[in-house]
Number of protein chains: 2
Amino acid sequence: MPTNDTREAIMNVARLMVQANGYNALSFREVAAAVGVKSASVHYHFPTKGDLGAALARRYTEELTDHLDGLKSQPDNGEKWAQYYTDVFRTPLMNDNRMCMAGIMAAEHSDLPTEVRAEVNRFMDANVRWLSEVLSKQRPGAEAETIQRQALAIFAAIEGAQLIARGRGDVAAFDQSIEAYRASGLLP
Amino acid sequence: MPTNDTREAIMNVARLMVQANGYNALSFREVAAAVGVKSASVHYHFPTKGDLGAALARRYTEELTDHLDGLKSQPDNGEKWAQYYTDVFRTPLMNDNRMCMAGIMAAEHSDLPTEVRAEVNRFMDANVRWLSEVLSKQRPGAEAETIQRQALAIFAAIEGAQLIARGRGDVAAFDQSIEAYRASGLLP
DNA sequence: ACCTGAACACCGTTCAAGT
DNA sequence: ACCTGAACACCGTTCAAGT
């Protein structure tokens, strides 16, 4: 039952545009042209640009959460999770040098409508929470605060590797950074 | 001898605007209003927005290079350099949640005029080069490739910590990430 | 040498009007 | 319920015109 065809089409093209160029570069007129309607129609589905941005970020978080929860339910595969997790952030780079939507939006932070900002925070929290769970399974003795700090650091470091690799337009920079994180022990 | 007063004023206000909101959000009309001229005058000094962006990034790299070279010439202070270096990226966060200009521009990568992109790359190279020098002094035996990889990873991780802290609007996230980098051995 | 006003095609947003 | 054309104040850019 394909309810809301136009709405779906809008979200799909807008998502790619944000990951390619950021929230600021997202244009209602470009979205409309790609979908085959007029920009006023986009406003019918998403009254403001902030509404569209927030909807995109919310869906993005949901998709990641589903994906990560899927990994968690698999038989305990030791340190393979680190590989799977970093791959999540490697994929968009391979796809036309795109970025994690939350990463690129974090850079635009002070320019963002508050409802978009809130969704970006939610994405970050979901990542740190998932990483904390996995880490605490690996090191049952460690303090919750230490775990939490390392989870945040892993997330920050991977986002940074993606940011720098994108800035250079070179996935190899991402791979080298991840490799160094592993060598230092930041990543298992 | 204050040659080019207007040009200087333009660069000073534009720099703050970019670090606050990114290249995309930089507006010639806003810059002009802040300086007290018309936007057409800004175009007289910087024909295109790309010219202004590239000039800002170039100066930004020069200032960082001077600062880092100053640190290098000081008597060898063991591991203090890591503190000094991370402070460079902590400072803009404290200053109205601003970001490293290269970091925020890296996020806007595919939207950037090529001349701006080139300057962003130059900034990254300058950082990796400086970090490599410092690291190789500390570990005279290590391979050049390993040093280079760790230098890149340190830069990426610190940029990531800044990005995430900015996204949360909370410097504590930066400090916690740096602390975890240190605990893991990524940072000395 | 430096600045300006006016024009151009863009942008998000609004709204009355269409089906 | 969904879409549109037209208008508004914004944007970078250009250029002839001023001093």
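Heavy atoms only: backbone and side chains are in, while hydrogens, waters and symmetry mates are out. Numbers restart at 1 for each chain; the letters A, B, ... are given by sequence-line order, proteins then strands.
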For this session: Locate the shortest heavy-atom distance separating Gly103(B) from Leu163(A); write the atom from each residue and the value.
Result: O-CD1, 3.5 Å
Exercise. What nucleotide among dT13(D), dC11(C), dT4(C) has an atom nearest to a side-chain atom of Ser27(A)?
Worked result: dC11(C)
Exercise. To the nearest angstrom, how far is Asp51(A) atom CG from dG12(C) atom P?
Worked result: 14 Å
Problem set entry | d(CG, Asn24(A); P, dG12(C)) in whole Å | 10 Å
For this session: Measure from CG on Asp111(B) to P on dC11(C) and round the result to the nearest Å.
Result: 12 Å
Exercise. Do you see a donor-acceptor pair shorter than 3.5 Å between the side chains of Arg166(B) and Gln162(B)?
Worked result: no
For this session: Would you mind reading off the distance between His43(A) atom NE2 and dC15(C) atom C1', rounded to a whole angstrom?
Result: 12 Å
For this session: Measure the distance from CZ on Phe46(A) to C1' on dC3(D) and round it to the nearest whole Å.
Result: 15 Å
Problem set entry | Nearest to side-chain heavy atoms of Lys38(A), which nucleotide of dT13(C), dC11(D), dT4(D) | dT4(D)
For this session: Name the residue closer to the 5' end of DNA chain D, choosing between Ala40(B) and Ala40(A) according to the nucleotide with the nearest heavy atom.
Result: Ala40(A)
Exercise. Within the structure, does a side-chain N or O atom of Ser41(A) lie under 4.0 Å from either OP1 or OP2 of dT4(D)?
Worked result: yes
For this session: Looking only at non-hydrogen atoms, find the nearest pair between Ala157(B) and Tyr181(B) and report the distance.
Result: O-OH, 2.8 Å
Exercise. Pairs counted as Watson-Crick or G-U wobble with both distances under 3.5 Å: what dot-bracket string results for DNA chain C, using | for bases tied to another strand?
Worked result: ||.|||||...|||||.||
For this session: Round to a whole Å and report the spacing from CZ of Arg29(A) to P of dT14(C).
Result: 13 Å
Exercise. Of the nucleotides dT4(D), dG12(D), dT13(C), which one has an atom closest to the side chain of Val37(A)?
Worked result: dT4(D)
Seminar exercise, completed: Of Phe155(B), Phe123(B), Tyr85(B), the one forming a ring-ring contact (aromatic ring centres under 6.0 Å, His included) with Trp130(B) is Tyr85(B)
Exercise. Hey, does the side chain of Thr6(B) come within less than 4.0 Å of dC2(C)'s phosphate (OP1/OP2), counting only N and O?
Worked result: no
For this session: Decide, yes or no, whether a salt bridge links Glu8(A) with Arg59(A) under the criterion of side-chain N to carboxylate O below 4.0 Å.
Result: yes
Exercise. Salt bridge or not for Asp175(B) and Arg149(A), using N-O below 4.0 Å?
Worked result: no
Problem set entry | Phosphate OP1/OP2 of dG12(C): any Ser39(A) side-chain N/O under 4.0 Å | no
Problem set entry | Options dC11(C), dC3(C), dC15(D), nucleotide nearest the side-chain atoms of His45(B) | dC3(C)
Exercise. Given atom CD of Glu30(B) and atom C1' of dA9(D), what is their separation to the nearest angstrom?
Worked result: 14 Å
Problem set entry | Touch class at under 4.0 angstrom, heavy-atom based, for Leu52(B) against every strand present | nothing
Problem set entry | Cation-pi, Phe28(A) ring and Lys49(A) (6.0 angstrom, 45 degrees) | no
Exercise. Within the structure shown, what part of the strands sits under 4.0 Å from Tyr44(B) by heavy-atom distance: base, sugar-phosphate, or nothing?
Worked result: base
Problem set entry | Polar side chain donor-acceptor pair, Gln150(B) to Arg139(B), under 3.5 angstrom | yes
Problem set entry | Spacing between Asn21(B) atom CG and dC11(D) atom C1', to the nearest angstrom | 15 Å
